[in-house]
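Encoded as structure tokens, the structure appears first; notes follow it.
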Amino acid sequence: MNRNDLATEIERAASILPRRGFLKLAGGAAVAGLLPTSCADLPRHLQVPPSRPLKVLKLWEYAFITAMTRRMLGRRPAEMIDAREVDPAVYLDDILPLLDPGIYEPLRYVFGLVEYFPWPILPKWGRFTRSSEEVQDRVLLDMQDSRSEVLRAAFTAFKLLSGPSFYAHPAAWKLMDYPGPPWRAPERHAESMRYPASWPAIH
């Protein structure tokens with residue numbers, strides 16, 4: 001997947017989000033003091049590599065995207081992310097400056113809402129990135145099956161972001177048993193972009 005393709009996926013993710021619903025939730029979050037104000041005490045495996053300053057993402061956004069992608073894609077991708085073989089958040093950070101700033105605004109809202117919103121909106125008490133993997137899975141699965149259009153759209157947006165930003169990196173292709181560039185085996189690369197009915201996609 002080249003940069004233009006990933007940029008298209010980011011635009012698709014942003015376009016499915018019901019902005020009025022998110023703005024209403026975001027307004028309530030601001031009043032309640034839930035929106036991000038600090039990025040202190042990030043877990044080590046979610047911290048930005050010292051050699052890679054961020055271009056667009058904030059530190060807490062990098063941590064959230066990394067944590068969310070680990071749970072969306074399953075064990076083997078999570079191991080590669082933890083080993084820094086693949087860094088989906090860094091890849092997104094490289095693409096975002098190429099897009100209209102307005103495209104990222106609704107995504108930034110939803111990252112903050114899922115990171116900070118507690119029960120009864122989401123089945124957690126603390127921040128998403130500070131929660132156990134079991135709690136993170138519960139949050140994402142709750143979003144997938146939620147009666148709220150906003151939360152279901154957010155889950156779909158996460159799917160559109162997590163797979164492409166992971167498999168865009170050549171190191172990830174070995175999970176498809178394919179070592180070469182996608183244009184030499186487009187059907188293999190396309191396969192990695194599909195999401196099965198079951199979740200997570202890879203165990």
Exercise. Going only through I, L, V, M, F, W and Y residues with side-chain contacts under 4.5 Å, is there a path from Phe158 to Tyr91?
Worked result: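 Yes; tracing contacts between hydrophobic side chains, which count when under 4.5 Å, links both residues.
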Problem set entry | Co-membership, hydrophobic cluster, residues Leu46 and Leu59, 4.5 Å side-chain |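 Each belongs to a different hydrophobic cluster.
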Exercise. Residues in side-chain hydrogen bond (donor to acceptor under 3.5 Å, both in side chains) with Glu11, at least two apart?
Worked result: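 Not a single residue meets the side-chain hydrogen bond (donor to acceptor under 3.5 Å, both in side chains) criterion with Glu11.
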Problem set entry | Qualifying residues under side-chain hydrogen bond (donor to acceptor under 3.5 Å, both in side chains), relative to Ser131, sequence neighbours excluded |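 Result, side-chain hydrogen bond (donor to acceptor under 3.5 Å, both in side chains) vs Ser131: none returned.
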If we only count heavy atoms from C-beta on, is the [X] to [Y] side-chain gap below 4.5 Å?
X	Y	value
Met80	Leu175	yes
Val135	Pro123	no
Val56	Arg108	yes
Phe111	Tyr116	no
Val150	Tyr109	no
Met143	Arg152	no

For this session: Fit a plane to each ring of Trp125 and Trp119, take the angle between them on a 0 to 90° scale, and name the class: parallel (under 30°), tilted (30 to 60°) or perpendicular (over 60°).
Result: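 Because their plane-to-plane angle lies in the 30° to 60° range, the rings of Trp125 and Trp119 count as tilted.
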Problem set entry | Residue pairs involving residues 126-152 (criterion ring pair (Phe, Tyr, Trp, His ring centres under 6.0 Å); sequence neighbours excluded) |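 Qualifying pairs, neighbours excluded: Phe64-Phe128.
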Give me the atom names and distance for the closest heavy-atom approach of [X] to [Y].
X	Y	value
Leu92	Ser165	CG-CB, 3.9 Å
Thr129	Ala67	CG2-CB, 4.1 Å
Leu73	Ser162	CD1-O, 3.7 Å
Ala89	Leu57	O-CD1, 3.5 Å

Could you grab the distance from atom [atom1] of [X] to atom [atom2] of [Y], nearest 0.5 Å is fine?
X	Y	atom1	atom2	answer
Leu113	Leu122	CG	CG	8.5 Å
Leu161	Thr156	CG	OG1	11.0 Å
Asp145	Leu151	CG	CG	11.5 Å
Leu107	Leu160	CG	CG	9.5 Å
Asp100	Glu105	CG	CD	10.0 Å
Ser146	Leu141	OG	CG	12.0 Å

Problem set entry | Test salt bridge (charged side-chain N to carboxylate O under 4.0 Å, His left out) applied to Asp82 - qualifying residues, sequence neighbours left out |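 Per chain and number, Asp82 pairs via salt bridge (charged side-chain N to carboxylate O under 4.0 Å, His left out) with Arg70.
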Exercise. Considering residues at least two apart in sequence or located in another chain, which fulfil the salt bridge (charged side-chain N to carboxylate O under 4.0 Å, His left out) criterion with Arg52?
Worked result: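 In terms of salt bridge (charged side-chain N to carboxylate O under 4.0 Å, His left out), with neighbours along the sequence ignored, Arg52 is linked to Asp93, Asp94.
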Problem set entry | Audit row: Trp60, Arg127, side-chain contact (heavy atoms from CB on, under 4.5 Å) steps and yes/no | CA-CA 11 Å; Trp60 73 265; Arg127 294 176 60 171; 3.8 Å; yes
For this session: For Tyr62, check ring pair (Phe, Tyr, Trp, His ring centres under 6.0 Å) against everything at least two apart and list the hits.
Result: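 If we apply the ring pair (Phe, Tyr, Trp, His ring centres under 6.0 Å) test to Tyr62, skipping adjacent residues, there are no hits.
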Exercise. Going through the checks in order, is the side-chain contact (heavy atoms from CB on, under 4.5 Å) test met by Phe155 and Leu140?
Worked result: CA-CA 7 Å; Phe155 181 84; Leu140 293 169; 4.3 Å; yes
Exercise. Is any NZ, NE, NH1 or NH2 atom of the basic residue among Arg138 and Glu134 found under 4.0 Å from an Asp or Glu carboxylate oxygen of the other?
Worked result: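 A salt bridge is absent here (no side-chain N lies under 4.0 Å from a carboxylate O).
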Problem set entry | Short side-chain to backbone donor-acceptor contact, Glu115 and Gly112, under 3.5 Å |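 Looks like no, no N/O pair under 3.5 Å.
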Exercise. Gln136 pairs by side chain to side chain contact (heavy atoms under 4.5 Å, CB included) with which of Arg130, Lys124, Arg71?
Worked result: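 Testing Gln136 for a side chain to side chain contact (heavy atoms under 4.5 Å, CB included) against Arg130, Lys124, Arg71 leaves exactly one candidate, Arg71.
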Problem set entry | Thr66 and Ile81: CA distance, side-chain angles, deciding distance, side-chain contact (heavy atoms from CB on, under 4.5 Å) verdict | CA-CA 8 Å; Thr66 301; Ile81 292 171; 3.7 Å; yes
